[in-house]
There are 2 protein chains.
Amino acid sequence: MEVRRRLTNIMMMLITYDVNTTTDAGKKRLRRVAKQCINYGQRVQNSVFECLLDPAQFAELKNTLEEIIDKEKDSLRYYYLGSNWKKRIKHVGAKEIFDPEGTMII
Amino acid sequence: MEVRRRLTNIMMMLITYDVNTTTDAGKKRLRRVAKQCINYGQRVQNSVFECLLDPAQFAELKNTLEEIIDKEKDSLRYYYLGSNWKKRIKHVGAKEIFDPEGTMII
């Protein structure tokens with residue numbers, strides 16, 4: 001029952017992070033945000049993450065991210081794409097999965 | 001009737017643009033993409049735009065953007081947030097409207 005409840009509550013949350021990566025501190029915050037987000041999904045652009053999680057996981061992730069970022073300088077936006085998210089997304093151009101070890105894209 | 005049809009078809013489209021802004025050409029493409037997107041909405045992060053448009057306007061904007069970007073290097077993602085978009089978005093941290101004339105945020 002618990003598993004079923006969790007599966008039916010799974011939602012897609014899009015997270016976009018605006019940070020100044022010309023500073024080492026900014027780069028480090030982006031790395032830390034990315035590390036947390038990819039536990040729940042994938043990095044689709046340098047600072048855009050698509051995470052599949054249930055409401056409790058989202059609350060936990062949100063708290064963690066908001067401890068990492070510098071709220072005076074950075075911003076985070078959360079977009080709730082719901083469970084019917086696949087038809088809401090379209091990609092154009094370079095590869096769909098962002099590879100931070102590949103070409104440097106800022 | 002035409003006006004009513006258009007108003008009821010208005011939807012929120014989130015557009016995220018991944019581009020290497022360490023090059024002058026990349027910076028220029030971002031400026032051109034931003035200029036197009038803000039005709040229909042606002043720039044909420046350096047390369048994240050929220051646009052309110054009807055399907056015909058979206059098709060036109062999409063064509064324009066895809067002529068601007070370098071598809072080998074950049075990527076665009078479109079997220080359809082629909083008409084009930086206000087409850088789907090949450091912002092945390094620095095100012096909600098991105099000001100490219102202000103602090104440089106990459």
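Numbers restart at 1 for each chain; the letters A, B, ... are given by sequence-line order, proteins then strands. Please read all numbers here as calculations on a predicted model, not as lab measurements.
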(request) Let me know if B:V48 has heavy atoms under 4.5 Å from chain A in its side chain, its backbone, both or neither. (result) side chain
(message) Nearest 0.5 Å, please: how far is NZ in A:K90 from CD1 in B:I15?
(response) 12.5 Å
(request) Might you confirm whether atom CD of B:E60 has over 12 heavy atoms from other residues, nucleotides or ligands at distances under 6.0 Å? (result) no
(message) I need the full list of ring-ring contact (aromatic ring centres under 6.0 Å, His included) pairs touching residues 33-78 of chain B, with sequence neighbours left out, sorted by first then second residue.
(response) B:F58-B:Y78
(message) Return the CG to CG distance between B:N46 and A:N20, rounded to the nearest 0.5 Å.
(response) 9.5 Å
(message) Report which part of A:L65 has an atom under 4.5 Å of a heavy atom belonging to chain B: side chain, backbone, both, or neither.
(response) neither
(message) For A:E66, which atoms come within 4.5 Å of any heavy atom of chain B: side chain, backbone, both, or neither?
(response) side chain
(message) Return the CD to NZ distance between A:E72 and B:K95, rounded to the nearest 0.5 Å.
(response) 11.0 Å
(message) Going by the rule side chain to side chain donor-acceptor pair (under 3.5 Å), which residues pair with A:E50 if we only count those two or more places apart in sequence or in a different chain?
(response) B:R77, B:Y79
(request) Answer with yes or no whether the hydrophobic clustering places B:I38 together with B:V19; edges join I, L, V, M, F, W, Y residues whose side-chain heavy atoms lie under 4.5 Å apart. (result) no
(request) Check A:S75 against B:A94 and note the closest heavy-atom contact, atom names and distance. (result) CB-O, 3.7 Å
(request) Check each atom of B:L30 against the heavy atoms of chain A and say whether the ones under 4.5 Å are side chain, backbone, both or neither. (result) neither
(request) Find the one option among A:D70, A:V44, A:I69 whose heavy-atom pairs under 4.5 Å with chain B are most numerous. (result) A:V44
(request) Give the member of B:K71, B:R88, B:K87 that has the highest number of heavy-atom pairs under 4.5 Å with chain A. (result) B:R88
(message) To the nearest 0.5 Å, what is the distance between NE2 on B:H91 and CG on A:D18?
(response) 8.5 Å
